[in-house]
There are 2 protein chains.
Amino acid sequence: MPLLMLKDLPRYECLLEAAREFPALDPSATEVFLHLLRCGDEAFRVVDSHLAQHEITQGRFGVLMALWGNCQRSGCQMPLTPAELADRTGVTRATITGLVDTLERADLVTRTPHPEDRRMMSVGLTKRGEKLLARIMPEHFRRMAWLMAPLSEHDRRTFVRLLTKVLARAAEEPSPAESGRSHESGSVAAAH
Amino acid sequence: MPLLMLKDLPRYECLLEAAREFPALDPSATEVFLHLLRCGDEAFRVVDSHLAQHEITQGRFGVLMALWGNCQRSGCQMPLTPAELADRTGVTRATITGLVDTLERADLVTRTPHPEDRRMMSVGLTKRGEKLLARIMPEHFRRMAWLMAPLSEHDRRTFVRLLTKVLARAAEEPSPAESGRSHESGSVAAAH
DNA sequence: TCTTTCTCGTTAGGCGGCTAACTATCTGCC
DNA sequence: GGCAGATAGTTAGCCGCCTAACGAGAAAGA
């Protein structure tokens with residue numbers, strides 16, 4: 001999931017210099033932003049490289065985890081519909097169709113018609129899917145723990161607090177900073 | 001760039017409970033990890049939704065920024081080769097080919113043969129590309145500043161320090177936690 | 001009852017990332 | 001000089017994600 005953000009994070013002096021040209025540039029905010037995106041990307045890579053060893057992508061893993069999490073809660077196998085999976089994993093229903101196709105082909109999930117509503121399908125973990133998850137998860141968690149090992153418990157609480165602040169801000173407005181927007185147009189498409 | 005990480009971050013009690021079943025699960029580490037990925041994703045979305053208004057993707061923006069950054073430093077138009085662009089933006093050369101194709105079609109960059117080495121190409125910003133960047137960047141920076149506004153300067157320094165710690169850890173090993181890995185196999189492909 | 005409207009899952013098509021393989025060119029060694 | 005190997009950019013093909021549109025089925029209002 002390469003982000004294509006500037007690979008080498010710019011030094012703070014460069015930001016200060018650029019801020020002279022662009023008054024809108026807040027150096028410390030930009031610095032946090034770039035570090036955040038880059039760090040998220042690296043963290044992703046750490047677990048994704050492991051999942052890839054099992055030929056599992058992030059999308060497939062999300063579906064398996066959603067089914068497993070659901071199974072755990074209710075204590076028994078409780079299948080989900082594709083729409084529920086889409087809701088829990090945060091991708092579109094169209095994407096779920098593709099993911100479930102792949103997982104079904106690999107015999108990790110089953111797709112059966114829903115007994116009550118003939119529009120719906122019912123997606124459930126197979127034994128094979130459960131066993132794969134059980135094999136993946138210990139190392140999966142181990143990698144998260146390994147990555148965060150340099151942080152003390154106090155660091156972690158602070159970190160979560162800061163991340164939560166930013167998350168709340170991001171959720172604050174559907175599209176932030178409508179304020180002062182006066183220039184649209186000028187797009188790729190505009191160059192006939 | 002939806003990550004397909006569990007959309008609703010699990011509550012801490014759930015992590016504690018899951019930790020009983022999986023000894024490898026470090027609750028506070030997992031909590032930080034999930035918040036980090038989710039927050040990076042949201043931050044990405046905040047700026048990406050703006051770039052999309054100009055029909056610019058993250059990939060295209062990275063290429064434009066790399067060319068602009070290079071131009072700024074040397075004070076004049078200094079084109080780059082696709083390989084240099086790939087290096088600076090962190091995607092493969094193959095991807096650069098596609099991105100430059102699109103940008104060239106939109107008259108935002110030019111692609112000319114390199115004068116010295118006939119294997120190489122020379123990619124430079126057009127006037128139109130420069131103008132588009134000049135139009136995008138103020139709002140781009142404004143969004144970063146807006147997102148980070150809830151954080152004090154002290155918060156920001158702490159935030160960058162924590163992110164840097166994790167970044168350093170991620171860079172520490174090409175593939176972390178080789179320790180205790182004994183189970184490969186068991187993959188999608190294995191289910192013929 | 002029957003029509004409208006909504007929801008479900010799927011399909012089609014696009015895009016941007018990847019790897020692997022290819023052609024063209026340059027470089028270094030005999 | 002001439003050939004082996006490295007390097008540059010492109011191509012082909014895969015995959016996961018998206019949006020838009022569709023047909024089947026359910027739900028609600030006349």
Side-chain angles (χ1 to χ4, degrees), chain A residues 1-5 7 41 44-45 48-49 51-52 54-64 79-106 109-123 187-189, chain B residues 1-5 7 41 44-45 48-49 51-52 54-64 79-106 109-123 187-189:
Chain A
M1 187 212 50
L3 264 204
L4 204 26
M5 186 55 33
K7 205 169 164 190
D41 199 30
F44 176 87
R45 198 183 47 73
D48 194 55
S49 67
L51 296 181
H54 299 271
E55 311 216 0
I56 288 293
T57 64
Q58 197 71 11
R60 298 175 199 167
F61 187 67
V63 169
L64 295 177
L80 293 174
T81 67
E84 287 169 326
L85 284 171
D87 190 48
R88 300 192 187 202
T89 57
V91 299
T92 63
R93 286 171 298 159
T95 300
I96 292 292
T97 296
L99 291 173
V100 172
D101 281 349
T102 307
L103 291 170
E104 193 178 25
R105 229 178 294 126
V109 305
T110 56
R111 175 158 38 186
T112 55
H114 195 284
E116 296 170 11
D117 191 329
R118 274 185 294 175
R119 289 172 303 181
M120 300 186 186
M121 299 295 283
S122 195
V123 181
S187 65
V188 167
Chain B
M1 186 211 53
L3 263 203
L4 203 26
M5 186 56 28
K7 205 169 162 191
D41 199 30
F44 176 87
R45 196 184 48 72
D48 195 53
S49 67
L51 296 180
H54 300 270
E55 310 213 1
I56 287 294
T57 64
Q58 195 72 11
R60 298 175 200 166
F61 187 66
V63 169
L64 294 178
L80 293 174
T81 67
E84 287 169 326
L85 284 172
D87 190 48
R88 300 192 187 203
T89 57
V91 298
T92 62
R93 284 171 300 162
T95 300
I96 292 291
T97 296
L99 291 174
V100 171
D101 281 349
T102 307
L103 291 170
E104 194 179 23
R105 228 177 296 127
V109 305
T110 55
R111 176 158 37 186
T112 55
H114 195 284
E116 296 171 9
D117 190 329
R118 274 184 295 174
R119 290 173 301 181
M120 299 187 187
M121 299 296 283
S122 195
V123 180
S187 66
V188 167

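Here is how names work: the chains are called A, B, and so on, in the same order as the sequence lines, proteins then strands, and each is numbered from 1.
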Measure CZ/R105(B) against C1'/dG16(C) and give the value in whole Å, please.
13 Å

Distance in angstrom units between R60(B) CZ and dG14(C) C1', rounded
11 Å

Let me know the distance between CE of M120(B) and P of dT27(C), rounded to the nearest Å.
8 Å

Would you say the side-chain atoms of H114(A) pair up with the backbone N or O of E116(A), donor to acceptor, closer than 3.5 Å?
yes

Check the interface with nucleotides 10-14 of chain D: list each N/O to N/O pair with the protein under 3.5 Å, or write none.
{"residue": "dT10(D)", "atom": "OP1", "partner": "R111(B)", "partner atom": "NH1", "Å": "2.7"}
{"residue": "dT10(D)", "atom": "OP2", "partner": "T97(B)", "partner atom": "OG1", "Å": "3.0"}
{"residue": "dT10(D)", "atom": "OP2", "partner": "R111(B)", "partner atom": "NH1", "Å": "3.3"}

Could you go over nucleotides 1-3 of chain C and give all protein N or O partners under 3.5 Å, atom names and distances?
none

Once you round to the nearest 0.5 Å, how far does CZ of R111(B) lie from CG of L103(B)?
9.5 Å

In this structure, how many angstroms lie between the C1' atom of dA8(D) and the CG atom of L85(B), rounded?
13 Å

F44(A) CZ to dC17(D) P, in whole Å, measures 9 Å

Just to verify, which of I96(B), T97(B), V100(B) counts as forming a side-chain contact (heavy atoms from CB on, under 4.5 Å) with P82(B)?
I96(B)

Nearest whole Å is fine: how far is dC8(C) P from H114(A) NE2?
11 Å

List the steps, then state whether side-chain contact (heavy atoms from CB on, under 4.5 Å) holds for Q58(B) with F44(B).
CA-CA 9 Å; Q58(B) 195 72 11; F44(B) 176 87; 3.5 Å; yes

R93(A) side chain vs E84(A) backbone, donor-acceptor pair below 3.5 Å
no

Treating T89(B) as the side-chain partner and L85(B) as the backbone partner, does any N or O pair qualify as donor plus acceptor under 3.5 Å?
yes

Under 4.0 angstrom, heavy atoms only, what part of the nucleic acid is T92(A) near: base, sugar-phosphate, or nothing?
base

CA sep, side-chain torsions, deciding dist, call: V123(A), E104(A), side-chain contact (heavy atoms from CB on, under 4.5 Å):
CA-CA 9 Å; V123(A) 181; E104(A) 193 178 25; over 6 Å; no

Would the distance check show the side chain of R118(B) and the main-chain N or O of P113(B) forming a donor-acceptor pair, the cut-off being under 3.5 Å?
no

Between dG16(C), dG16(D), dG9(D), which nucleotide has the shortest distance from any of its atoms to the side chain of T57(B)?
dG16(C)

Answer whether the closest heavy-atom distance between the side chains of R60(A) and T57(A) falls below 4.5 Å.
yes

Beyond-backbone contact of V109(B) with L64(B), side-chain heavy atoms, under 4.5 angstrom
yes

To the nearest 0.5 Å, tell me how far F61(A) CZ sits from L51(A) CG.
5.5 Å

Using a cut-off of under 3.5 Å, enumerate the N/O to N/O pairs linking the protein to nucleotides 24-27 of chain D.
{"residue": "dG25(D)", "atom": "N2", "partner": "R119(A)", "partner atom": "NH1", "Å": "3.0"}
{"residue": "dA26(D)", "atom": "OP1", "partner": "R118(A)", "partner atom": "N", "Å": "3.4"}

Length of the line joining F61(A):CZ and dC17(D):P, which is rounded to integer Å:
14 Å

Rounded to whole Å, please give me the gap between CD1 in I56(A) and P in dC15(D).
14 Å

